[in-house]
Structures are given as C-alpha cells and as structure tokens.
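Right, one structure below, let's go through it.
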Amino acid sequence: MVEAIEDLFVPVLIYNNKPEDESILKSFEEPAWNNPVVRFLNCDGQDVIERHDGIWVTPALAQRLVVSLESSNRDVPAFLQLVSDDGNLAPDAASKLAKATFAMHCYWEGEAKFGSLSGVLSTRAAWDDGKEVVDITYDPQRLDFRCLVEQAKLMECASTVYARDAEQMSIAKELVGAQAKFVSAEFNPRSAANTEQKYYLRNSPYAKLDLSGLQAVKINSLLANSKDAAPEVDALLSPRQKAKVQHE
C-alpha cells in the first residue's frame, strides 16, 4: 500500500501540533485535536471524496485509496484492490469472517483450488488425524458456506467437510452425507511445515517477493492452474514487485 500511495498520489504530511502547520489546518477546517486524517484532494485543493477520520486499519485506508482513484476516473491497480479486499487485516476480522476446513487427497492442490474462489481470503495447509486438510478463512458476505461446500465437491476437495456449528453440519450432511464431521468452533488443525505452504508459489520466481496475504493466495492458485500464468500473475503485482522479479 505504501507503494500505491507514493506512486499514485502526491503524499503530504501536515502535523497537528506544530505552529508552522496551523494555517494549513485552518484552511482545511481541520481541528488541532483531530485523529490522524487522510484526505484526498485534487490539484485545486478540493476533496475528491468525502472526508473521514478514524481510518486506523490497512483495508479501510486501501478502500479509501481505491474509491478516490475511481472518483477521479483513474485505473485501480489489481495489487491495491487485493489489499482493499483482504478483510484478514482488519482488527474486527474475527466477527466478520468465517473459517472452514476440508480434507482432500493433496493439500497442495486444495490450496490452489480454494485460492481461486472469490471470497476466500486465506488458505493454510494442515493435518488432522493423518488427513491432509486445507484451513480456509472466507468472507461469508461474498461466499456462503453452502456455496463453499458445493465448490469443494466439484473440485474433489471434500473427502471430509468439517462443520463448526449446527448450521454448517446440517448443510454439510445434506451435501456430502457421511463425509461431514462435526468439530468445535475452536477446531484448529495442525499446520503443515512452512515448506509445504503455498507450494506452487514457494517453488516459483515470485517466492522471495514481499506479497500481501491475498496476493499470495491468488498467485499460488494461478501458478497451479494455468500453463502460462506469468501474464496473469504480473497483473497482480505492483511495478516494484515486477521489477524485483525481472532483476532476479
């Protein structure tokens, strides 16, 4: 996101506790006691989007960047959109996001397949009782549990569907029968080794990049599911990330 701010905007820092900045604060009707505020102005000093304060977390600021670009009829880079969409970065993520776990014959394939679904925000290769599983965080507003299980069946990634509550268990039993397994809401399968996570990404030229969580999920999926993934992967990278891959 820092790259997006530096390359797509002209960042200006105004302090609220320094006398030399007092006149600037007054010209924009900003009180000296304000919370950190990020405002988006055009070349005439007018607000491009409505002022808001209390923007404390990464996705919220990224969303403001996206909206300001859209309001100015400018393209929104895919890498910035992914940061904006990554609800895992929000402090209240636990109350808005959901967990799901599926067993399949190969968690490398499972991560790659689930990572292609819109609404899946993170994937983790793990183990449960000798089974390879993929632990998923998803946004239920964009992908509900029923649709997730249906997709898992189609992708042959539902040899066991773990249900964390009665509603999930009812849906899982309806869709996969005896392959449904009830677990507690705190169920947390044992993580596979770091070398097993995001297998296709880890064994690619993009492995050393500093990627956002959602970038890693989507790029790993593209590398697994496309014979020539380079153009699609490049579309998700920032200019500096692309330059680093080319340099190495």
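Under the 3.5 Å distance criterion, with hydrogens and angles disregarded, no donor-acceptor pair is assigned to the side chains of Ser116 and Lys218. In the model, Thr137 has a side-chain atom that pairs as donor or acceptor with a side-chain atom of Lys99 under 3.5 Å. Under the 3.5 Å distance criterion, with hydrogens and angles disregarded, no donor-acceptor pair is assigned to the side chains of Arg164 and Ser184. For the residue pair Tyr15 / Glu22, no side-chain donor-acceptor distance below 3.5 Å is found, with atom types taken as modelled.
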Determine, stepwise, if the pair Glu30 / Asn16 fulfils side chain to side chain contact (heavy atoms under 4.5 Å, CB included). CA-CA 9 Å; Glu30 285 290 348; Asn16 63 359; over 6 Å; no
Step by step, work out the side chain to side chain contact (heavy atoms under 4.5 Å, CB included) result for Ile5 and Val2. CA-CA 5 Å; Ile5 292 171; Val2 171; 5.6 Å; no
For a salt bridge (charged side-chain N to carboxylate O under 4.0 Å, His left out) check, start with the C-alpha distance between Lys113 and Glu156, then their side-chain angles and the critical distance, and finish with the verdict. CA-CA 10 Å; Lys113 290 178 179 179; Glu156 299 182 346; 5.3 Å; no
After noting the C-alpha distance and the side-chain angles of Leu65 and Met1, does the key distance pass the side chain to side chain contact (heavy atoms under 4.5 Å, CB included) rule? CA-CA 9 Å; Leu65 296 171; Met1 189 167 69; 3.6 Å; yes
Stepwise, does the salt bridge (charged side-chain N to carboxylate O under 4.0 Å, His left out) test hold for Arg39 with Asp47? CA-CA 7 Å; Arg39 293 177 65 169; Asp47 286 295; 2.7 Å; yes
Check the pair Asp210, Lys244 against salt bridge (charged side-chain N to carboxylate O under 4.0 Å, His left out), reporting the backbone distance first and the verdict last. CA-CA 10 Å; Asp210 184 15; Lys244 186 173 182 180; over 6 Å; no
Check the pair Cys157, Glu109 against side chain to side chain contact (heavy atoms under 4.5 Å, CB included), reporting the backbone distance first and the verdict last. CA-CA 8 Å; Cys157 292; Glu109 298 299 322; 5.7 Å; no
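There is a path of hydrophobic side-chain contacts, each under 4.5 Å, that joins Ile49 to Leu69. In the hydrophobic cluster analysis, where Ile, Leu, Val, Met, Phe, Trp and Tyr join through side-chain heavy atoms closer than 4.5 angstrom, Phe145 is grouped apart from Val133. Note: the hydrophobic cluster containing Phe114 also contains Leu121 (ILVMFWY, side chain heavy atoms under 4.5 Å, direct or indirect links). Ile14 and Phe40 sit in two unconnected hydrophobic clusters of ILVMFWY residues. Membership requires side-chain heavy atoms under 4.5 Å apart, directly or through other members. Hydrophobic clustering of Ile, Leu, Val, Met, Phe, Trp and Tyr side chains at less than 4.5 Å, counting indirect connections, keeps Val67 apart from Leu41.
At least one side-chain heavy atom of Leu211 sits less than 4.5 Å from a side-chain heavy atom of Ile219. Side chains of Glu111 and Val217 form no contact here, defined as non-hydrogen atoms less than 4.5 Å apart. Side chains of Ser71 and Val48 form a contact here, defined as non-hydrogen atoms less than 4.5 Å apart. Looking at heavy atoms from C-beta onward, Leu117 lies in side-chain contact with Met155 at the 4.5 angstrom threshold. Here the side chains of Thr101 and Pro189 are in contact, with some heavy-atom distance below 4.5 Å.
The aromatic rings of Tyr162 and Phe187 lie parallel to each other, their planes meeting at an angle below 30°, with 60° marking the opposite boundary.
Of all heavy-atom pairs between Ala216 and Lys198, the closest is O-CD, 4.2 Å. Looking at every heavy atom in both residues, Ala112 comes nearest to Ser221 through O-OG, 2.7 Å. Scanning both residues, Lys242 and Leu237, for their nearest heavy atoms gives CE-O, 3.5 Å.
Annotation for Glu3: atom CD counts as buried by contact number, over 12 foreign heavy atoms lying within 6.0 Å. Enclosure of atom CG in Asn17 by more than 12 non-hydrogen atoms of other residues, nucleotides or ligands within 6.0 angstrom is indicated. Within a 6.0 Å sphere centred on CD of Glu29, heavy atoms belonging to other residues, nucleotides or ligands number 12 at most. Under a cut-off of 6.0 angstrom, the local environment of CD in Glu70 is crowded, with over 12 non-hydrogen atoms contributed by other residues, nucleotides or ligands.
Residue Thr160 forms a side chain to side chain donor-acceptor pair (under 3.5 Å) with just one option from Lys181, Gln179, Lys131, and that option is Lys131.
To the nearest 0.5 Å, atom CZ of residue Arg190 and atom CG of residue Asp128 are 9.5 Å apart.
Aromatic ring centroids of Tyr107 and Tyr199 lie 6.0 Å or more apart.
Distance alone, capped at 3.5 Å, places no donor-acceptor pair between the Asp44 side chain and the Gln46 backbone.
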